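Only one structure is covered here, and it is reproduced in the block below.
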Amino acid sequence: MKIGIMGGSFDPIHHGHLLAAEHAAEAADLDEVWFIPSHAAPHKDQRPRASDEDRLHMVKLAIASNRRFRLLDWEILRGGVSYSIETAEMLRQTYASDEFYWLIGADMVQYLPHWHRIEELCRLLRFIGFARPGTTIDLDELKPEIRDSVQIVQIPLIEISSTEIRRRIAAGRSIRYMVPEPVLEYIEERRLYGS
């Protein structure tokens, strides 16, 4: 199978994540997309605001209606810094016959040279970068061994971020239509991200 990996803190997951995953799956003919919430992203200084348990539950609620989407809790269970190379090694050992594609935003494509053990990671999987209208991805700036492992797919422009969602909640503003309805209900029920 061809499997896309959607990593991130998902603090909270929103429609931008889901739309990007769906478009990448169609454009790259992926059989499934697996969402793997990080415990602690290596490129972020702060830990997620919501607990690991809440973030896992929100992802589960968000992807429940899509049979192509699946949730893996490996990075949460592993704890510590969530290095992609460690997850990729576990994927290769567990699912040796499958092909894996790490799904990343345009900004992360240019940041790939700074990823932990990137050369080894490029030997284990390929990357699919999201190109949005108005963004530029310059693959020529990357070393050949990295550039050759990157495929670019076009996705619609949708300006939603987890940071903006958290700000709106803290300010008492609506996030309806920014997250799936079950996620909205869960955030309200658990009173997540309030000031």
Side-chain angles (χ1 to χ4, degrees), residues 1-39 41-44 55-56 58-78 82-112 115-133 135 137 139 142 145-158 160-162 179-180 183:
M1 285 202 306
K2 293 175 66 175
I3 300 166
I5 301 299
M6 190 78 167
S9 58
F10 303 115
D11 191 27
I13 189 167
H14 53 70
H15 281 303
H17 296 125
L18 301 169
L19 189 66
E22 184 72 5
H23 274 264
E26 283 187 359
D29 198 25
L30 303 177
D31 297 295
E32 294 184 354
V33 175
W34 296 357
F35 287 74
I36 305 181
S38 61
H39 175 70
H43 59 281
K44 292 186 177 178
R55 292 184 297 115
L56 278 172
M58 286 189 284
V59 172
K60 187 176 181 180
L61 290 170
I63 67 174
S65 64
N66 191 328
R67 291 191 300 177
R68 186 158 47 183
F69 290 173
R70 181 175 163 190
L71 170 64
L72 260 66
D73 59 2
W74 289 2
E75 293 189 355
I76 296 286
L77 294 178
R78 195 169 65 229
S82 301
Y83 290 114
S84 301
I85 183 66
E86 295 174 5
T87 303
E89 289 172 338
M90 290 174 67
L91 289 168
R92 298 280 1 132
Q93 290 167 9
T94 309
Y95 304 98
S97 62
D98 294 318
E99 298 174 39
F100 291 97
Y101 299 79
W102 205 280
L103 311 180
I104 57 177
D107 56 334
M108 278 292 124
V109 172
Q110 302 304 148
Y111 193 73
L112 278 173
W115 282 37
H116 186 57
R117 296 165 54 195
I118 184 63
E119 288 82 8
E120 294 169 68
L121 191 55
C122 289
R123 288 193 286 272
L124 294 176
L125 51 75
R126 294 181 53 80
F127 294 92
I128 294 176
F130 302 134
R132 300 180 174 99
T135 62
I137 299 176
L139 294 179
L142 302 175
E145 56 269 29
I146 300 175
R147 180 177 58 237
D148 293 347
S149 69
V150 178
Q151 173 186 351
I152 302 299
V153 299
Q154 299 291 322
I155 66 169
L157 179 63
I158 178 168
I160 300 176
S161 74
S162 298
V179 299
V183 174

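Treat the numbers as computed from the prediction; the structure is a model and nothing was measured.
Counting only distance, with no hydrogens or angles, the side chain of Ser149 and the backbone of Phe127 share no donor-acceptor pair below 3.5 Å. For Asp31 (side chain) and Ile3 (main-chain N/O), no donor-acceptor pair under 3.5 Å exists by modelled atom type. Between the Arg123 side chain and the Ile118 main chain, no donor and acceptor come within less than 3.5 Å of each other.
Distance check, rounded to the nearest 0.5 Å: CD1 of Ile158 to CG of Leu19 gives 5.5 Å. Atom OG1 of Thr94 sits about 9.0 Å away from atom CG of Leu72, to the nearest 0.5 Å. To the nearest 0.5 angstrom, Leu91 atom CG is 13.5 Å from Glu99 atom CD. With values rounded to the nearest 0.5 angstrom, Glu75 atom CD is found 6.0 Å from Ile36 atom CD1. Between atom OG of residue Ser84 and atom CG of residue Leu124 there is a gap of 11.0 Å, rounded to the nearest 0.5 Å. The distance from atom CG of Leu56 to atom NZ of Lys60, rounded to the nearest 0.5 Å, is 9.5 Å.
In this structure the side chain of Arg78 never reaches within 4.5 angstrom of the side chain of His39, judged on heavy atoms. Using a 4.5 Å heavy-atom threshold, the side chains of Phe35 and Leu103 count as separate. When side chains are defined from C-beta on, Val109 counts as touching Leu142, because their heavy atoms get closer than 4.5 Å. Within the 4.5 Å cutoff, the side chain of Ile63 has heavy atoms near those of the Leu71 side chain. Using a 4.5 Å heavy-atom threshold, the side chains of Trp115 and Trp102 count as touching. Contact check for Phe130 versus His23: no side-chain heavy atoms found under the 4.5 Å cut-off. In this structure the side chain of Leu125 never reaches within 4.5 angstrom of the side chain of Ile5, judged on heavy atoms. Using a 4.5 Å heavy-atom cutoff, the side chains of Val153 and Tyr101 are not in contact.
Taking both residues in full, the closest heavy atoms of Met1 and Asp98 are given as N-OD1, 2.9 Å, listed atom of the first, atom of the second, then distance. Residues Arg147 and Leu139 approach most closely at CD-O, 3.2 Å, considering heavy atoms. Closest approach of Val33 and Met6 over heavy atoms only: CG1-CB, 4.0 Å. Nearest heavy atoms, Pro37 versus Val59: CG-CG2, 4.1 Å. Residues Arg55 and Ser9 share a closest heavy-atom pair of NH1-O, 2.7 Å. Across Ile128 and Ala28, no two heavy atoms sit closer than the pair CD1-CB, 3.5 Å.
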### Query
What do the steps show when you test Arg92 against Phe100 for side-chain contact (heavy atoms from CB on, under 4.5 Å), and what is the final call?
CA-CA 9 Å; Arg92 298 280 1 132; Phe100 291 97; 3.3 Å; yes

### Query
side-chain contact (heavy atoms from CB on, under 4.5 Å) between Ile104 and Tyr111: does it pass, once the steps are laid out?
CA-CA 10 Å; Ile104 57 177; Tyr111 193 73; over 6 Å; no

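Between His116 and Tyr83, the ring-plane angle classifies as tilted under the 30° and 60° cut-offs. Using the six-membered ring where Trp is involved, His17 and Phe10 have ring planes that are perpendicular, over 60° apart on the 30 and 60° scheme.
Residues meeting the ring pair (Phe, Tyr, Trp, His ring centres under 6.0 Å) test with His15, sequence neighbours left out: none. Here Asn66 pairs with Glu22 under the side chain to side chain donor-acceptor pair (under 3.5 Å) rule; sequence neighbours left out.
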